[in-house]
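Working notes, structure below.
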Amino acid sequence: MQFKRKNLSLVTNSMILAFVRCITYASSFIQVMIMSRVFDKFEYGSYSQACTIVTVISPFFLLGLSNAATYYYNQNCEERQKYVETIYNLILVLGISGGFFIMVFHNPIASYFSNLTLIPLIYIVAFRPLFQNLISLFQVLYISSDRAMVVAVRNTILSFIQIGIVVIAACFFCSVELVLFLLVFTDFLQVVILNFFFTNSVMKIRIFKFDILSIRRIMSYALPLASSTMIGTLTINMDMMLIGRVMSTEAFALYSNVARELPFNFLISSFTDIVFPKIISLNARGDKDTLIRIYHAYVELGIILTWILIGGAIVCSQELILVLYSPKYLDGIAIFVVYLLVSASRFTYHGMMLSVHGKSKDIMLVSVIALTSNLFLNIVLFYAIGMIGPAIATLISVLIGAFLQIYKGLKMLGVACKSIFQWGYISRFVFGLVIVGILFFILKSYLIRIPLLFRLLLFYSGYVIFMILFNSKRIKENVHSLNNNFC
């Protein structure tokens, strides 16, 4: 089967991916909604602990290789084959080793969470990091080869399959083990299918075929990024690990749900998938002016769209918890709001400029600083103010890391901060978000008796639509700038 390449605009490609991400995230939260209601807190807490194990361990067996694939695929056309094959097989070897590592150390892992019922779940998810890392690799390769539509179709189909799995395994069999087994098996099938189509439409990947001379070059780029990613993963999950260690499985269930970052950055994530390879290419050609124009429009569009969506969520935070997780999770509303602010900080890929210039060691250094501050703050704030403390610690450490990466990246690019961030407009924009949010919150309090779902849709959509219309001129200018400079 051959896929036809389509020269779509940046915004068109990004909107395709954004639309599919909406479906993917909707699928994810439908699964959470079902399991939060079907399983009790202990069962759901065990499921969340198994997922946390996969999330924390995966980067340690990926070692930044998917980032290296993006970098070398877009840098050197003549040597793509050997780089892709080598990276693929490195991920394969590391993932197999990681799966056996997880199974061998199942007892210490279960003991850490003080939950021996976790042991069979650990065996089920042992090789999921391998499958997810290979899926991540194929996704960046398809996008870099102008096949974003393949990724879109794959993710859409997968979303519906996963909902079906959860409905059957949770609602009919009420089995956490069956849910995880079917999800892992689905990951395995994805790897097989993605590999088959990539081999037949782009390039053939030979199993266990390494270019020994390329390994050192690949790892010299990937390892510092891997260190950053691993440290970043630990930073983001530090609060989960602390709660899992010192509190009950039921408390972990509560925290893992309300501390779940809602996918309000789906639009800018889709733009990032398309912008990042383009900026690498522009930097390699030395076209700094176009690079700056694209980067400015990308960052500002991220701020506008992400913060509008999150502003509406803060206004409707109580309704969101009731709809997504059920009333038994309403005690965590303060943590939920803190994590909305964490999501607000992810309006861009903070390390983009450092990555483009190959300064992966700087990214690693910033990540170490964020991890150290998060570890210290997690412990101090947990014992000072309780369960919300680790959430606040995560917010502070993420902001520290974001500031340092953006500052260093702009310094490397040789432009002033005000060239990318127009503070006058941003200040007016934030003021508008707050004032409109307060007005909507007050109005909502007078209409508390109307049906829950209708109230959520009315006030959330009303807030978002109003703010988008109010900022529509600026949004159009940035979209126009991206399309013009991408051509």
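Just so it is clear, the structure is predicted and the values come from calculations on it, not from any experiment. Scope of the values below: all heavy atoms of this structure, side chains included, with no hydrogens, waters or symmetry mates.
- For the side chain to side chain donor-acceptor pair (under 3.5 Å) condition, the pairs that include at least one residue of residues 297-312, sequence neighbours left out, are Thr272-Tyr298, Tyr298-Thr348, Glu300-Arg474, Glu300-Asn478.
- Atom-to-atom distance recorded for Ile124:CD1 and Phe185:CZ is 14.0 Å, nearest 0.5 angstrom.
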Checklist entry - Are Ile392 and Ile388 close enough, and set up right, to give a side-chain contact (heavy atoms from CB on, under 4.5 Å), and what steps lead you there? => result CA-CA 6 Å; Ile392 295 174; Ile388 194 174; 4.3 Å; yes

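- Each salt bridge (Lys or Arg N to Asp or Glu O under 4.0 Å) pair with one or both residues in residues 396-407, not counting sequence neighbours, would appear here, but there are none.
- By the side-chain contact (heavy atoms from CB on, under 4.5 Å) test, Asn107 pairs with Ile119, sequence neighbours left out.
- Judged as a side chain to side chain donor-acceptor pair (under 3.5 Å), and not counting sequence neighbours, the contacts of Thr117 are Asn115.
- When all heavy atoms are compared, the tightest approach of Ile335 to Ala259 is CG2-CB, 4.2 Å.
- Of all the heavy atoms in Arg293 and Ser481, the pair that sits closest is O-OG, 3.9 Å.
- At distances below 3.5 Å, at least one donor-acceptor pair connects side-chain atoms of Ser256 with backbone N or O atoms of Ala253.
- Of all the heavy atoms in Leu178 and Ser175, the pair that sits closest is N-OG, 3.0 Å.
- Judged as a side chain to side chain donor-acceptor pair (under 3.5 Å), and not counting sequence neighbours, the contacts of Ser27 are Gln31.
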Next on the checklist: Test side-chain hydrogen bond (donor to acceptor under 3.5 Å, both in side chains) on Asn378 and Tyr383; report intermediate values, then the result.
Outcome noted: CA-CA 9 Å; Asn378 258 273; Tyr383 287 105; over 6 Å; no

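- Scanning both residues, Pro129 and Ile102, for their nearest heavy atoms gives CG-CD1, 4.1 Å.
- Taken to the nearest 0.5 Å, the CG atom of Leu443 stands 8.5 Å off from the CG atom of Leu439.
- Contacts of Arg260 classified as side chain to side chain donor-acceptor pair (under 3.5 Å), with partners at least two apart in sequence or in another chain: Tyr44, Asn257.
- Listed by first and then second residue, the side chain to side chain donor-acceptor pair (under 3.5 Å) pairs involving residues 124-135 are Arg128-Asp187 (not counting sequence neighbours).
- Under the 4.5 Å side-chain criterion, counting only non-hydrogen atoms from C-beta, Val176 is not in contact with Met35.
- Using a distance-only test at 3.5 Å, with no hydrogens or angles considered, a donor-acceptor pair links the side chain of Thr52 to the main chain of Ser48.
- Ser345 places a side-chain N or O within donor-acceptor distance of the main-chain N or O of Val342, the cut-off being under 3.5 Å.
- Panel note: side chain Asn374, backbone Thr235; a donor-acceptor pair is recorded below 3.5 Å.
- Pairs of residues two or more places apart, or lying in two chains, that qualify as side chain to side chain donor-acceptor pair (under 3.5 Å) and include a residue from residues 449-467 are Glu319-Arg455.
- Applying the 6.0 Å contact sphere to CZ of Phe42 captures more than 12 heavy atoms from other residues, nucleotides or ligands.
- Rounded to the nearest 0.5 angstrom, Leu381 CG and Met387 CE are separated by 14.5 Å.
- Of the possible donor and acceptor atoms, one in the side chain of Glu43 sits under 3.5 Å from a partner among the backbone N and O of Asp40.
- Side-chain atoms of Lys328 do not come within 3.5 Å of backbone N or O of Leu254 as any donor-acceptor pair.
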Checklist entry - Under the side-chain contact (heavy atoms from CB on, under 4.5 Å) criterion, do Leu322 and Leu456 qualify, and how do the steps go? => result CA-CA 10 Å; Leu322 291 172; Leu456 172 61; over 6 Å; no

Can you give the donor-acceptor pairs under 3.5 Å from side chains of residues 238-245 to other protein atoms, not counting sequence neighbours?
residue, atom, partner, partner atom, Å
Asp239, OD1, Tyr339, OH, 3.4
Asp239, OD2, Tyr255, OH, 2.6
Asp239, OD2, Tyr339, OH, 2.3
Asp239, OD2, Thr394, OG1, 3.4
Arg245, NH1, Tyr112, O, 3.2

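- Residues that satisfy the side chain to side chain donor-acceptor pair (under 3.5 Å) test with His106, not counting sequence neighbours, are Tyr123.
- A search for side-chain contact (heavy atoms from CB on, under 4.5 Å) contacts involving Phe421 returns Val299, Ile303, Phe347, Ile406, Leu410, Cys417, Trp423, Ile426, not counting sequence neighbours.
- Annotation: salt bridge (Lys or Arg N to Asp or Glu O under 4.0 Å) contacts involving residues 45-60, sequence neighbours excluded, are absent.
- Side-chain atoms of Ser111 do not come within 3.5 Å of backbone N or O of Ser114 as any donor-acceptor pair.
- The environment of Phe454 atom CZ is sparse: at most 12 non-hydrogen atoms of other residues, nucleotides or ligands sit within 6.0 angstrom.
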Next on the checklist: Leu118 vs Leu121, test: side-chain contact (heavy atoms from CB on, under 4.5 Å). Steps then yes/no.
Outcome noted: CA-CA 5 Å; Leu118 193 57; Leu121 304 184; 4.0 Å; yes

Item to check | Intermediate values then yes/no, side-chain contact (heavy atoms from CB on, under 4.5 Å), Val246 and Phe382 | outcome: CA-CA 10 Å; Val246 302; Phe382 175 77; 3.6 Å; yes

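- Of all heavy-atom pairs spanning Ala169 and Leu182, the tightest one is CB-CD1, 4.4 Å.
- Annotation for Phe459 and Cys316: closest pair CB-SG, 3.8 Å, computed over non-hydrogen atoms.
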